[in-house]
Novice: 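To start, I am sharing the structure in question, which I have written as structure tokens.
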Amino acid sequence: MIPDAPLVTPTAYAQPTRPVRAGWIAAFAGVWLGLWMAQLVPVQVLLPLQIAAQHASDDWLVSLVAYGLVSAVAGTFVVVAYPIVGALSDRTRSRFGRRRPWIFGGVVLASVGLALLGVQTETLGTVVMWTAVMMGFCMASAALTAVMADSVPAGQRGLVSGWISAPNALGILLGIVLVTAVFTTTASGYLALAVCNLALAVPFLLVLRDVPLTDAEAALLGPLTARTILSSIWVDPRRHPDFAWTVASRVLINLGNAIATTMLLYFFTFALRVADPTGFLVSTTVIYMVVTIVASVALGKLSDVVQRRRVFVLASGVAQAVSALLLAVAPAESTAVIGAVLLGLGQGCFFAVDQALATQVLPSAETRGKDVGIMNIALAGPQAFGPLLGAGAVVLFGGFAGLFVASGLAGLLGSVIIMRVRSVR
């Protein structure tokens with residue numbers, strides 16, 4: 001920090017007080033819809049099918065483990081990149097603002113990666129292109145989460161958090177239908193996701209009011225060097241315990257969800273032996289989507305009204321645990337449907353307040369991008385490593401029961417941990 005810097009009111013760092021409008025929220029939800037489709041649909045459908053074709057074997061566990069490894073390699077890059085990208089966006093100086101260049105660049109990178117991913121026939125190429133997709137998702141989502149802290153007042157963040165999360169469920173459904181019913185080849189499915197990702201980002205890039213940094217505001221962060229960026233990544237959990245507990249809770253809840261949901265196609269195919277596993281996945285996803293969207297939007301608004309966040313996270317962990325344990329004890333198509341309802345309710349509770357709570361425990365207004373980058377590791381990391389851990393659980397326990405038990409326990413522990421947060425009710 002420069003000690004003689006003039007005293008100014010830093011507009012880029014000011015806490016937002018003016019509510020965002022419905023059009024802004026709709027555009028914000030739209031860009032998230034494209035990103036969720038780009039990330040989650042390959043994880044749920046396209047990557048498992050593509051990797052299975054690359055590893056033709058009588059033992060389906062071979063492709064399952066290969067799928068986990070591909071996802072984990074990409075995840076390693078993303079975990080390292082998230083806080084660095086966030087720190088860079090904090091310091092970005094352009095006439096287009098701090099966040100917009102990273103949103104645009106991330107969306108473009110993810111879309112190009114998807115288009116090229118569809119033509120890969122070897123595992124190495126699949127790893128490289130999927131890593132590019134995940135890096136693009138990392139860039140855009142880190143900047144978008146910082147935008148929420150920059151632009152949305154605290155009293156409206158529950159509502160907006162719900163509209164980040166509703167596209168998560170909707171994106172899975174629309175994307176799965178798109179790549180299984182409309183574009184039926186792997187290459188065309190990836191290309192369709194790439195086009196949607198680009199198109200859905202345009203409205204928000206146009207409506208976003210992204211205030212550029214002034215000289216005085218940039219001076220508060222010091223010079224842009226590798227040392228200052230890397231040193232700023234560390235957040236001391238003793239000084240900021242609520243931030244640390246929120247990150248830990250996010251990791252466990254998202255991990256519990258990821259290790260189960262990313263294995264569903266394998267579960268339906270090889271454990272339940274459903275006649276049409278892809279079709280059944282679409283059906284259960286519809287149920288999950290409807291419940292999640294209704295719950296996340298309604299409960300997000302309710303959390304703003306009652307001014308409470310933690311109890312919703314606790315409820316989400318309980319619902320997730322019951323859903324997973326039900327599938328472990330009584331695996332069947334009927335219980336899978338019931339599990340979809342419970343998981344949708346749990347995810348809706350979590351999504352309703354997740355982003356809102358996360359932005360309320362950030363250590364500093366000047367480093368929002370870096371801090372939400374760290375926070376977002378707890379989202380992307382479990383999604384990336386979930387397939388590998390899920391595959392490991394299936395192999396270790398000799399089936400899917402152990403996988404679902406681990407999923408339920410992780411979600412429950414994560415929801416209990418959030419009660420250690422003290423600065424947010």
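Below, each value reflects all heavy atoms present in this structure, side chains not excepted, and no hydrogens, waters or symmetry copies. Numbers for residues simply follow the sequence, beginning at 1.
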Novice: Just by distance, do the side chain of S407 and the backbone of L403 share a donor-acceptor pair under 3.5 Å?
Specialist: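 Side chain of S407 to backbone of L403, a donor-acceptor pair under 3.5 Å: no, none is there.
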Novice: Enter the distance from T284:OG1 to L264:CG here, rounded to the nearest 0.5 Å.
Specialist: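 Going from the OG1 atom of T284 to the CG atom of L264 covers 6.5 Å.
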Novice: Per the ring-ring contact (aromatic ring centres under 6.0 Å, His included) rule, what does the pair list look like for residues 127-162, sequence neighbours excluded?
Specialist: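 Matches after skipping sequence neighbours: W36-F137.
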Novice: When you look at F404 and F267, which way does the ring pair (Phe, Tyr, Trp, His ring centres under 6.0 Å) test go after all the steps?
Specialist: CA-CA 11 Å; F404 289 120; F267 176 63; 4.9 Å; yes
Novice: Under the side chain to side chain contact (heavy atoms under 4.5 Å, CB included) rule, collect the residues that match up with F397, sequence neighbours excluded.
Specialist: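 F397 satisfies side chain to side chain contact (heavy atoms under 4.5 Å, CB included) with A393 once adjacent residues are dropped.
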Novice: For residues I259 and G256, report the shortest heavy-atom separation together with the two atoms involved.
Specialist: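 Closest approach of I259 to G256, heavy atoms only: CG1-O, 3.6 Å.
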Novice: Considering only heavy atoms from C-beta outward, does the side chain of L114 approach that of P42 to under 4.5 Å?
Specialist: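 A side-chain contact under 4.5 Å exists here.
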Novice: From the options V127, L124, T131, select the one residue that forms a side chain to side chain contact (heavy atoms under 4.5 Å, CB included) with V70.
Specialist: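 One option only clears the test, and that one is V127.
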Novice: For L200 and V107, what are the C-alpha separation, side-chain angles and deciding distance, and is it a side-chain contact (heavy atoms from CB on, under 4.5 Å)?
Specialist: CA-CA 10 Å; L200 288 167; V107 167; over 6 Å; no
Novice: Quick one, L47 and T126 - any side-chain contact, counting heavy atoms below 4.5 Å?
Specialist: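 Yes, at least one pair of side-chain atoms sits under 4.5 Å.
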Novice: Show your working on side-chain contact (heavy atoms from CB on, under 4.5 Å) between V133 and V112 and close with a plain yes or no.
Specialist: CA-CA 8 Å; V133 173; V112 171; over 6 Å; no
Novice: Take T269 and V274 through the test side-chain contact (heavy atoms from CB on, under 4.5 Å) and record every step on the way to the result.
Specialist: CA-CA 6 Å; T269 303; V274 176; over 6 Å; no
Novice: Between R422 and D242, is the closest basic N to carboxylate O distance under 4.0 Å?
Specialist: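 Salt bridge: no.
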Novice: Verify whether one side chain among Y67 and Q50 offers a donor that lies under 3.5 Å from an acceptor in the other.
Specialist: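 Side-chain D/A pair, Y67 to Q50: absent.
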Novice: For residues S316 and G346, report the shortest heavy-atom separation together with the two atoms involved.
Specialist: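 Closest pair (atom of S316, atom of G346, distance): CB-O, 2.9 Å.
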Novice: Before you tell me yes or no, could you show the steps for W24 and F204 under ring pair (Phe, Tyr, Trp, His ring centres under 6.0 Å), namely the whole-Å CA-CA distance, both residues' side-chain angles and the distance that decides it to 0.1 Å?
Specialist: CA-CA 7 Å; W24 190 98; F204 186 70; 5.3 Å; yes
Novice: Which distance, rounded to the nearest 0.5 Å, do you find between the CE of M134 and the OG of S141?
Specialist: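 Separation between the atoms: 8.0 Å.
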Novice: Quick check against the 3.5 Å criterion: does R99 have a side-chain atom that pairs as donor or acceptor with the backbone of V147?
Specialist: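 No; judged by distance alone, with no hydrogens or angles, the pair does not exist.
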Novice: Is it the case that more than 12 heavy atoms not belonging to F77 sit under 6.0 Å from its CZ atom?
Specialist: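 Check fails, neighbour count at 12 or below.
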Novice: Exactly one of I253, L252, V247, V251 should register a side chain to side chain contact (heavy atoms under 4.5 Å, CB included) with S249. Which one does?
Specialist: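 With S249 as partner, side chain to side chain contact (heavy atoms under 4.5 Å, CB included) holds for just one option, I253.
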Novice: In Å, rounded to the nearest 0.5 Å, how long is the span from CG of L327 to CZ of F400?
Specialist: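 L327 CG to F400 CZ: 11.0 Å, rounded to 0.5 Å.
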Novice: Could you tell me whether the side chain of L46 reaches within less than 4.5 Å of the side chain of L193, counting heavy atoms only?
Specialist: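 Sidechains of L46 and L193: in contact.
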Novice: Can you list the steps and then say if L205 with R100 is a side-chain contact (heavy atoms from CB on, under 4.5 Å)?
Specialist: CA-CA 7 Å; L205 289 170; R100 186 184 280 109; 3.7 Å; yes
Novice: Are R98 and S89 linked by a side-chain donor-acceptor pair shorter than 3.5 Å?
Specialist: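 Side chains of R98 and S89: no pair found under 3.5 Å.
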Novice: Short question: side chain of E333, backbone of F268 - any donor-acceptor pair under 3.5 Å?
Specialist: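 Absent.
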Novice: Enter the distance from Q120:CD to I51:CD1 here, rounded to the nearest 0.5 Å.
Specialist: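 Output value for this atom pair is 12.0 Å.
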Novice: Shortest non-hydrogen contact from G136 to L109?
Specialist: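 Closest heavy-atom pair between G136 and L109: N-CD2, 3.6 Å.
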Novice: Is the closest side-chain heavy-atom distance between L117 and T186 below 4.5 Å?
Specialist: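 When only atoms from C-beta onward are counted, T186 and L117 do not touch, as no gap falls below 4.5 Å.
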Novice: Is the ring pair F28/W32 parallel, tilted or perpendicular, if the boundaries are 30 and 60 degrees?
Specialist: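 Ring orientation, 0 to 90° scale: perpendicular.
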Novice: Would you confirm whether S71, through its side chain, and G68, through its main-chain N or O, come within 3.5 Å as a donor-acceptor pair?
Specialist: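 Not at all, since once roles are kept as given, no pair shorter than 3.5 Å links the two residues.
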Novice: Which heavy atom of I417 sits nearest to which heavy atom of A248, and what is that distance?
Specialist: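 Shortest heavy-atom separation between I417 and A248 comes out as CG2-CB, 4.4 Å.
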Novice: Provide the closest heavy-atom pair for A401 versus A328 in the form atom of the first, atom of the second, distance.
Specialist: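 Scanning both residues, the minimum pair turns out to be O-CB, 3.6 Å.
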Novice: Verify, without hydrogens or angle tests, whether T335 (side chain) and A332 (backbone) share a donor-acceptor contact under 3.5 angstrom.
Specialist: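 Indeed, once roles are kept as given, a pair shorter than 3.5 Å links the two residues.
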Novice: About how many Å separate CD1 of I84 and CE of M139, when rounded to the nearest 0.5 Å?
Specialist: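 Between M139 CE and I84 CD1, I get 12.5 Å after rounding to 0.5 Å.
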Novice: Please list, chain by chain and in numerical order, all residues satisfying side chain to side chain contact (heavy atoms under 4.5 Å, CB included) with F183, sequence neighbours excluded.
Specialist: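 Once residues adjacent in sequence are excluded, the partners of F183 under the side chain to side chain contact (heavy atoms under 4.5 Å, CB included) criterion are L178, S188, A192.
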Novice: Heavy atoms only: give me the nearest G171-M37 pair and the separation to one decimal.
Specialist: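 Heavy atoms of G171 and M37 come nearest at O-CG, 3.4 Å.
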Novice: Looking at CG of L144 and OG of S151, how far apart are the two atoms once the value is rounded to the nearest 0.5 Å?
Specialist: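 With rounding to 0.5 Å, CG (L144) is 10.5 Å from OG (S151).
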Novice: Heavy-atom distance under 4.5 Å between the side chains of V282 and I176, does that happen here?
Specialist: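 V282 reaches I176 side chain to side chain.
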